[in-house]
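Single-structure report; data block below.
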Amino acid sequence: MAQISLTFPDGNAREFDTGITPADVAAAISKSLSKKAISASVDGRHWDLQWPVEQDAAIAIHTMDDEAPALELIRHDLAHIMARAVQEIWPEVKVTIGPVIANGWYYDFDREEPFTPEDLGRIEEQMKEIIALRDDVRTEVWDRPRAVSHYEALDEPYKVELIEAIPGDQPLRMYWHGDWQDLCRGPHLQHTGQVPANAFKLMNVAGAYWRGDSTRPMLQRIYGVGFRTKKELDAHLHMLEEAARRDHRRLGREMDLFHMQEEAPGQVFWHPDGWTIYTTLQDYMRRQQRAHGYVEVNTPQVVDRKLWEASGHWDKYQEHMFIVEVDEEHAREKAVNALKPMNCPCHVQVYNQGLKSYRDLPLRMAEFGSCNRYEPSGALHGIMRVRGFTQDDAHIFCTKDQIEAECAGFIRMLETVYRDLGFEDFEIMFATRPDKRVGSEESWDQVETALEQAIRATGRSFTLDPGEGAFYGPKLDFKLTDAIGRVWQLGTFQVDPNLPERLGASYVGEDGAKHRPYMLHRAILGSFERFIGILIENYTGRFPLWLAPRQVVVATIVSDADDYAAEVVSALRKAGLRAEADTRNEKINYKVREHSMAKVPAILALGAREVEERSVSLRRLGDKQQTALPLDEAVAMLRAEALPPDLR
RNA sequence: GCUGCUGUAGCUCAGAGGUAGAGCACUCCCUUGGUAAGGGAGAGGUCGAGAGUUCAAUUCUCUCCAGCAGCACCA
């Protein structure tokens, strides 16, 4: 029999018969490895222990100690075990697909009746029984006709469709968990007993379209999470609780920052404290924009459809626009307006006033632009996804040659802002030319190169997102990671030669002729609403002093300190701090508890001693202790600390 | 928009075919207390909206609205 050479991670190579399986390889190495083996990597590909190896390759045998392959196998087997459990309980249910996802898996089923939360418990029990059976996992390769007729006989139409969608005459792999069988590319564990029975949990049921297509039937998707040990599962569940505790909708209500109500779905009623955060953030952004050479404008909310027709939004974006029809009795014709969903067309109108020279470029035009978009009801989510919002929007009008420098300048500005606002990590996604596009290849080459050079100039790396650019130009998306590892897409930078063309923007060049400027759409926060939602969750409501809506509460211990408290508050306010007195007839314990829960960063307690000494007793949020210090010193210290990062 | 679930006091939630309850918050009184809940009393609800069934609906049915989870969407 022919031999192949397998190279192990330590660099040693050994000869084996062609077609040997990793299970046999493990057995040849040692009995203990053979027992512990769960899968292998063959030339970097995750490989089932039962699959034969036909060529020379680099091989590594995995055990449960190898986290990534172990979790993938556990979750993948759990998906199959869950599907088997469901069909054992309800044989009429049709199975579809069940992939591994972050932290777990899901499986989509077609069943007339909805699954209930009680059903999930029942399925879990059934899964545990299957695991206890320690059924062997077997695999075979089938040819296509056999697989199709097999699933037709079982009346599993979704599987038939899946097979038909698999390209070419590729052989199909079948897996059995005991007698239950599924089409699956593998790999899998060796028997169901290898899945930890106490380290998984079914989380919820939700609808999901077959093949992700909203025109296809809606299936029922069951989500589960699975780990190697109960400890890992518990840690994950704890993390979810932590995320729920940070939920901006809950904190927004508890901290009295904003509310939303039925009469204005997807729109925010900002309360005084929430609006303080908003305006503080806006003031900060305004300073940043000025420092980076932007001019600020403001443009109308309600604009005639003619402009939207010219910009192309009427065609492409109408379903997302709030249309306002004005049926004036004496109007010659009915006026149809739309609330602006974006600021760009209006900014071109500002640009178009007066003749522009190449000397005017680059022109960086910013607006805290209030936009309204009719988002689908199911997309709304707290203040993170709303129908009325304000962007930190700007458009840079420039020449093609200026794109690179503008892009680099923008990335540097964005770095500063994210750092100041508490986010150190962000990633750049570079979306390049899509299949359906306008413009010459040469032009795409130039613009994409300019963006790439700009990123390199800032010393950053990027992830390529091929084909995901807009039809008229490439874009950069900036994704940042928050305190609990969630990723948010906020900033964007997009090159657009199209809108200046449509709306007739031009400038007079050095040659005295008219030219089209490029337009760079860019935002850093995205929208104030979403960004503040993220800030709330990132800080769990415990804002740094400069952003905290209520910075200092002056709490009296005895009513004899009331006058002094008024004096302290006034000194703090004079120093620019947001301070208020709490002279209620309550004990200091009560006041400290209440203001701590309201996440006020600093509490100044005043009793007879402080009145006497003209001092304060400062307690910081989260600290168990307090420090006594003279009033003047406390005010100076808090004032310095409350300066926004760009003014320090 | 789609599937499922939910909607009762400011908040968190209980409840039942015969027009409602708890805790916290709120108001008032007592208490002047030294760093995360002092004590007492009181007020507060068209049970999301509309229609239907019924002697009787907040409870059952239907429609609508909003929210939640996921999907789809996200210039």
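Numbers restart at 1 for each chain; the letters A, B, ... are given by sequence-line order, proteins then strands. Computed over heavy atoms, backbone and side chain alike; hydrogens, waters and symmetry mates excluded.
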Less than 3.5 Å apart, any donor N or O on the side chain of A:Glu501 or A:Tyr472 sitting next to an acceptor on the other?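 The criterion, which ignores hydrogens and geometry beyond distance, is not satisfied for A:Tyr472 and A:Glu501.
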Is it true that the side chains of A:Asp108 and A:Gln220 contain a donor and an acceptor less than 3.5 Å apart?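 The criterion, which ignores hydrogens and geometry beyond distance, is not satisfied for A:Gln220 and A:Asp108.
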Quick one: list whatever passes salt bridge (charged side-chain N to carboxylate O under 4.0 Å, His left out) with [X], sequence neighbours left out.
X        : result
A:Glu633 : none
A:Glu375 : A:Arg385
A:Lys587 : none
A:Arg542 : none

Which pair of non-hydrogen atoms, one from A:Gly226 and one from A:Arg75, has the smallest distance, and what is that distance?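 For A:Gly226 versus A:Arg75, the nearest heavy atoms are O-NE, 2.8 Å.
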[atom1] spacing across the pair [N] / [M], given as an integer number of angstrom:
N     : M     : atom1 : value
B:A37 : B:U54 : C1'   : 49 Å
B:C60 : B:G15 : P     : 13 Å
B:U8  : B:C2  : P     : 24 Å
B:U53 : B:G67 : P     : 32 Å
B:A16 : B:C71 : C1'   : 37 Å

Against the six-membered ring of A:Tyr209, is A:Arg211 placed for a cation-pi contact (under 6.0 Å from the centre, within 45° of the normal)?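 Geometry flag: not set, cation outside 6.0 Å or 45°.
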Filtered N/O pairs between nucleotides 44-51 of chain B and protein, under 3.5 Å:
none

Show me the pairs that pass side-chain hydrogen bond (donor to acceptor under 3.5 Å, both in side chains) and involve residues 552-563 of chain A, at least two apart or across chains.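 Only A:Thr556-A:Lys591 qualify under side-chain hydrogen bond (donor to acceptor under 3.5 Å, both in side chains).
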Once base and sugar-phosphate atoms are separated, protein heavy atoms under 4.0 Å mark nucleotides 23-29 of chain B, 5' to 3', with B, S and - as --SS---
When every nucleotide of nucleotides 67-75 of chain B is labelled 5' to 3' by its protein contacts under 4.0 Å (heavy atoms), B for base, S for sugar-phosphate only, - for none, what sequence of letters results? SSSBBBBBB
What residues, two or more places apart in sequence or in another chain, satisfy ring pair (Phe, Tyr, Trp, His ring centres under 6.0 Å) together with [X]?
X        : value
A:His381 : A:His248
A:Phe410 : A:Phe478, A:Phe493
A:His76  : A:His80, A:His188

Can you check whether A:Pro362's main-chain N or O pairs, donor with acceptor, with A:Glu406's side chain at less than 3.5 Å?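 Looks like no, no N/O pair under 3.5 Å.
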Rounded off to whole Å, could you give me the CD-to-P distance for the A:Glu118 and B:C5 pair?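 About 11 Å, once rounded to whole Å.
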What integer distance in Å separates A:Glu113:CD from B:U3:P?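 It works out to 16 Å between those atoms.
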Review item, nucleotides 9-13 of chain B N/O atoms under 3.5 Å of protein N/O:
unit_1: B:C11; atom_1: O3'; unit_2: A:Arg253; atom_2: NE; d: 3.4
unit_1: B:U12; atom_1: OP1; unit_2: A:Arg253; atom_2: NH2; d: 2.9

